[in-house]
Amino acid sequence: MTESPRLPGGFIPPHGGLPSPAPSSASSRAASNLPHPRINALQPGSNKEDMVRRYVDEKLLYVSRRYVKKFGNPDPGDTVVGFKSFGEVCKELDGIVNVLWKSGTPGLQIPFLLKLASDFTQYVRSFPPSSKASFDLLHKLDHCFASLLSGQDIETNETLPGFENGLRAGMTTTDMVRCRSLVEQTRVLMVEVMSSGEQEEEDDEDEEEDGDETEGGESYDAGGPAWDIDEDELHLDAARIYENTIVHLGKRLGDSLGSIIDADDAAMANT
């Protein structure tokens, strides 16, 4: 299998490309697990911007090819291997989100993150549910969209690169309408997907304490309380999908978010 496309020297171009994270705020990314963006946005039309654009295009195409290969017969001589789990998909998409966020360039971040979020809704339908990987990636996308909508990092309140002169560099009305549609679709879709079948096995440090027994030693067998508890947790996680993005879309668009809430309620009522 050939390696997926890389920028020279890894994710960071070797000669004055994307600078190292600023140490003053590196620790503030604990919740969203995002790298700190470069200090200034890349100049439109510059070689550096073009380099990142080509890299992300190639990575998204690579993910798409691996997704398509999932449905074909494995070929030992093929250089592209299909995904075996949705956790693998999320890992690839997560790396792309990190590169885009580190670029500090709204002109790259907004269109590519919207495309990636749209691709997510296509890919997630074709695999057994993978709750941790899915919700972790959606949490990261929520941080990105909400921050881009407000022009500042929602955790640190730092002004984002490219927004020094206000929100003109941010999402257009068309972008926001598309984002809202993705939010609505994803929130409903994830309730359906997570309720559709057995979860993928995922690496989790908390798996040893799996709750198979109560404090008194009572077992939660299949069909017992454990199933109901799991369902409740999934619905709570689904209700938090894009929660920050919803708030900031409401502020920017100045309209009611009732359609999103009503869609969620309807989906949950039907599961």
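Bear in mind that the values here come from a model prediction, so they are computed numbers and not experimental data.
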Is the backbone N or O of [Y] less than 3.5 Å from a side-chain atom of [X], with the two atoms forming a donor-acceptor pair by type?
| X | Y | answer |
| --- | --- | --- |
| Asn244 | Ala146 | no |
| Thr105 | Ser103 | yes |
| Ser181 | Arg178 | no |
| Asp175 | Thr172 | yes |
| Ser118 | Leu114 | no |
| Arg187 | Ile241 | yes |

Roughly how far, to the nearest 0.5 Å, is [atom2] of [Y] from [atom1] of [X]?
| X | Y | atom1 | atom2 | value |
| --- | --- | --- | --- | --- |
| Leu167 | Gln152 | CG | CD | 9.0 Å |
| Thr245 | Arg252 | OG1 | CZ | 12.5 Å |
| Leu93 | Leu141 | CG | CG | 8.5 Å |
| Leu148 | His143 | CG | NE2 | 9.0 Å |
| Cys144 | Ile154 | SG | CD1 | 9.0 Å |
| Glu164 | Asn40 | CD | CG | 6.5 Å |

Should [X] and [Y] count as side-chain neighbours, where that means a heavy-atom distance under 4.5 Å?
| X | Y | value |
| --- | --- | --- |
| Leu138 | Phe120 | yes |
| Glu243 | His139 | no |
| Val52 | Tyr55 | no |
| Tyr123 | Cys90 | no |

Salt bridge or not between Arg53 and Asp57? Use side-chain N to carboxylate O under 4.0 Å.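 Salt bridge: no.
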Ion pair check, Glu88 and Lys84, cut-off under 4.0 Å: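 Answer for the salt bridge query: no.
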For Tyr67 together with Phe86, are the ring centres under 6.0 Å from each other?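 Phe86 vs Tyr67: aromatic centres not under 6.0 Å.
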Working note: Phe71 + Ser126, criterion side chain to side chain contact (heavy atoms under 4.5 Å, CB included); need CA distance, chi angles, decisive distance, verdict. CA-CA 10 Å; Phe71 303 100; Ser126 303; 3.8 Å; yes
Under 3.5 Å, is there a donor-acceptor pair between the Ser147 and Asp153 side chains?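 Checked: Ser147/Asp153 side chains show no N/O donor-acceptor pair below 3.5 Å.
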Is the cationic atom of Lys140 (NZ for Lys, CZ for Arg) positioned less than 6.0 Å from the six-membered ring centroid of Phe145 and within 45 degrees of its normal?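 Judged by the rule, Lys140 and Phe145 form no cation-pi pair.
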